[in-house]
Amino acid sequence: MFFILLGAPGAGKGTQADIIVKEMSLPHVASGDLFRHALKNGTELGKQAESYMKGGKLVPDEITIKMILERIAQPDCKNGCVFDGFPRTIEQAKALDAALEKQGKSIEEAIYIEVPSEVLLDRLTGRWVCRTCQSPYHQKNSPPRKEGVCDKCSGELYQRADDTEVTIKERLKVYFAQTMPLLDYYEKKDRLFKVNGNQHIDSVGKDIVKFLKGLKQKK
Ligand code: AP5
Ligand code: MG
Ligand code: ZN
């Protein structure tokens, strides 16, 4: 089963992905994490993505689609995955649908984490991410047990280079212009589940798990 997590920067896609991958035993495919990994390793892909990410712009569709299709061709995605941050444009959504259709597969559901834009800035400026396992924390909302250290893997926590006020504002602008139309795209296919993302992390997770359990029962 292929799931998509939709939502603005800071909506909680990475946070909720952890919960869904456990519930559904599926791999987590996060385009942002893949780009940051490539950047850290100094690969050609990383070099291509760098300036776009720094400026809060989208990496061009051609590069992004190629990266994701290569990722889901790997054996661990045979039975599905949880997409986080992809697709982000109609072009990407269409390319994904076409690739899955070729294998007789399709998107099970797009889960839209709905959060009012006023809270996003605070979530992102207060975020700390694990360098090793990418788990997100928040200095007020979900602090690690030990400052600067990941609860899950003891990795070092850092603040993302694009989590500055100026870049966050650009990312939000890009989100409203280029990614919001995807809500309509999946709604028309009757594949959109909306969850209130403006509640405690655990409550958002509970609502999503309840929905997933319902889906499993229908199967
Ligand atoms: P990406 O890494 O995908 O970033 P993003 O979409 O901006 O989303 P974030 O990771 O910032 O937010 P999130 O929703 O995962 O929130 P999180 O769970 O961490 O993309 C980065 C860049 O890569 C893009 O700008 C672009 O350049 C490029 N890129 C990636 N994908 C691309 C694509 N498909 N096409 C083209 N370019 C692409 O939570 C945020 C914070 O809030 C955390 O601190 C968390 O602890 C806290 N929090 C979470 N939930 C709650 C809650 N319910 N209550 C209180 N606090 C909460
Ligand atoms: Mg994320
Ligand atoms: Zn970690």
Side-chain angles (χ1 to χ4, degrees), residues 4-20 28-39 45-46 48-68 71 83-93 95-96 111-116 119-144 148-163 167-175 178-179 182 195-208:
I4 293 169
L5 278 165
L6 281 176
K13 301 183 293 295
T15 302
Q16 297 303 327
D18 285 347
I19 296 171
I20 303 172
H28 178 197
V29 175
S31 42
D33 289 348
L34 292 171
F35 283 132
R36 279 184 290 276
H37 184 75
L39 203 70
L45 174 68
Q48 285 173 326
E50 187 170 17
S51 63
Y52 300 103
M53 294 179 81
K54 262 199 185 137
K57 309 269 190 216
L58 293 186
V59 178
D61 284 337
E62 200 194 337
I63 299 171
T64 307
I65 291 166
K66 181 169 176 281
M67 171 181 80
I68 291 290
R71 175 65 190 89
F83 290 109
D84 159 4
F86 179 91
R88 245 174 160 99
T89 63
I90 296 283
E91 209 47 52
Q92 293 178 15
L96 178 62
I111 299 168
Y112 171 45
I113 308 175
E114 209 169 359
V115 175
V119 308
L120 298 170
L121 189 66
D122 172 65
R123 284 196 186 181
L124 293 173
T125 50
R127 170 167 63 182
W128 289 81
V129 185
C130 174
R131 268 195 209 285
T132 310
C133 75
Q134 320 307 324
S135 286
Y137 295 85
H138 189 278
Q139 56 197 27
K140 288 198 304 272
N141 308 342
S142 69
V149 182
C150 176
D151 291 350
K152 290 174 195 144
C153 76
S154 303
E156 184 202 355
L157 303 185
Y158 80 106
Q159 289 194 288
R160 269 170 47 180
D162 60 349
D163 278 348
T167 313
I168 292 167
K169 287 193 172 144
E170 184 58 34
R171 284 158 60 201
L172 289 174
K173 230 199 271 168
V174 166
Y175 169 77
Q178 293 179 264
T179 307
L182 288 183
V195 62
N196 174 10
N198 195 21
Q199 42 176 348
H200 192 277
I201 292 175
D202 297 340
S203 308
V204 183
K206 271 191 196 136
D207 286 354
I208 295 178

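One-based numbering, in listed order, for ligands and for the atoms of each. Residues: numbered from 1 along the sequence shown.
Heavy atoms of Q199 found under 4.0 angstrom from ligand 1 belong exclusively to the backbone. Proximity of T15 to ligand 1, defined as any heavy-atom pair under 4.0 Å, is shared by backbone and side chain alike. Neither the backbone nor the side chain of A30 comes within contact range of ligand 1; no heavy atom lies under 4.0 Å. Counting heavy atoms closer than 4.0 Å to ligand 1, residue L124 contributes side-chain atoms (C-beta onward) but none from N, CA, C or O. The side chain of N141, and not its backbone, has at least one atom closer than 4.0 Å to an atom of ligand 1 (non-hydrogen atoms only; side chain from C-beta on).
In this structure, NE2 in H37 is found 9.0 Å from CD in Q134, a value given to the nearest 0.5 Å. Note that the CD atom of E114 and the CG atom of N196 stand 7.5 Å from one another [nearest 0.5 Å]. Here NZ of K152 is found 6.0 Å from SG of C133. Values are rounded to the nearest 0.5 Å. The OH atom of Y112 sits 10.5 Å away from the NZ atom of K13 when rounded to the nearest 0.5 Å. To the nearest 0.5 Å, atoms CZ (R171) and OG1 (T179) are separated by 11.5 Å. To the nearest 0.5 Å, the span separating CG on D163 from OG1 on T125 amounts to 8.0 Å.
Under a 4.0 Å criterion applied to the non-hydrogen atoms of G85, ligand 1 contributes the atoms 31 (N), 32 (C), 33 (C), 34 (N). Of all atoms in ligand 1, numbered sequentially from 1 with element shown, those under 4.0 Å from a heavy atom of P136 are 18 (O), 19 (O). Residue-ligand proximity, I201 to ligand 1, at heavy-atom distances under 4.0 Å covers atoms 50 (N), 51 (C), 52 (C), 53 (N), 54 (N), 57 (C). Within ligand 1, the atoms closer than 4.0 Å to a non-hydrogen atom of T64 are 33 (C), 34 (N), 35 (N), 36 (C), numbered from 1 in the order shown. The A8 neighbourhood of ligand 1 comprises atoms 14 (O), with distances under 4.0 Å to a heavy atom of that residue. Residue-ligand proximity, G197 to ligand 1, at heavy-atom distances under 4.0 Å covers atoms 53 (N). Within ligand 1, the atoms closer than 4.0 Å to a non-hydrogen atom of R36 are 2 (O), 21 (C), numbered from 1 in the order shown.
Which of S31, P9, G205, G14 comes nearest to atom 31 (N) of ligand 1 through a heavy atom is settled by distance: it is S31. In this comparison of Q134, R171, K140, the heavy atom closest to atom 11 (O) of ligand 1 sits on R171. The option with the heavy atom closest to atom 13 (P) of ligand 1, from among E170, M67, R123, K13, is K13. The option with the heavy atom closest to atom 47 (C) of ligand 1, from among H138, Q92, Q139, is H138.
In terms of heavy-atom proximity, I4 sits nearest to P87 at CD1-CD, 3.7 Å. For the pair L45 and A38, the tightest heavy-atom approach, listed with the atom from each and the gap, is CD2-CB, 3.9 Å. Of all non-hydrogen atoms in A11 and V115, the two that sit nearest each other are O-CG2, 3.7 Å.
The environment of E62 atom CD is sparse: at most 12 non-hydrogen atoms of other residues, nucleotides or ligands sit within 6.0 angstrom. With a 6.0 Å radius and a threshold of 12 heavy atoms from other residues, nucleotides or ligands, E91 has its CD atom at or below the threshold.
In this structure, G7 falls outside the shell of residues with a heavy atom less than 4.0 angstrom from ligand 1. Residue-ligand proximity: A11 is placed with a non-hydrogen atom under 4.0 Å from ligand 1. Using a 4.0 Å cutoff on heavy atoms, A49 does not count as a contact of ligand 1. The closest approach between P87 and ligand 1 stays at or above 4.0 Å for every heavy atom of the residue.
In terms of N/O distances under 3.5 Å, ligand 1 is approached by S142. Geometrically, ligand 1 and V59 share a nitrogen or oxygen pair separated by less than 3.5 Å.
Closest to atom 43 (C) of ligand 1, if we only count protein heavy atoms, is Y137 O, 3.6 Å. With hydrogens left out, the protein atom closest to atom 22 (C) of ligand 1 is M53 CE, 3.9 Å, a heavy atom. Of all protein heavy atoms, the one lying nearest to atom 24 (C) of ligand 1 is R88 NH2, 3.7 Å. Counting protein heavy atoms only, atom 38 (C) of ligand 1 is closest to F35 CE1, 3.7 Å. From the protein, the heavy atom lying nearest to atom 9 (P) of ligand 1 is R127 NH1, 3.3 Å. Regarding atom 12 (O) of ligand 1, its nearest protein heavy-atom neighbour is G10 N, 2.9 Å. With hydrogens left out, the protein atom closest to atom 4 (O) of ligand 1 is R160 NH2, 3.1 Å, a heavy atom. Protein heavy atom at the shortest distance from atom 26 (C) of ligand 1 is K57 O, 3.5 Å.
Checking side-chain atoms of R131 against main-chain N and O of G155 turns up no donor-acceptor pair under 3.5 Å. Although no hydrogens or angles enter the test, the distance criterion places no donor-acceptor pair under 3.5 Å between the side chain of E156 and the main chain of T132. For H138 (side chain) and D122 (main-chain N/O), a donor-acceptor pair under 3.5 Å exists by modelled atom type. Of the possible polar contacts, none joining the S135 side chain to the C130 backbone as a donor-acceptor pair under 3.5 Å is found.
Here C133 contributes SG and C153 contributes SG, and at the Zn ion (ligand 3) these two atoms make an angle of 120°, given to 10°.
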query: Could you go step by step and tell me if I113 and T15 meet the side chain to side chain contact (heavy atoms under 4.5 Å, CB included) rule?
result: CA-CA 11 Å; I113 308 175; T15 302; over 6 Å; no
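With respect to the salt-bridge test (charged N to carboxylate O, under 4.0 angstrom), the residues K57 and D162 do not qualify.
Looking at K66, Q92, R88 one by one, the single match for side chain to side chain donor-acceptor pair (under 3.5 Å) with D61 turns out to be Q92.
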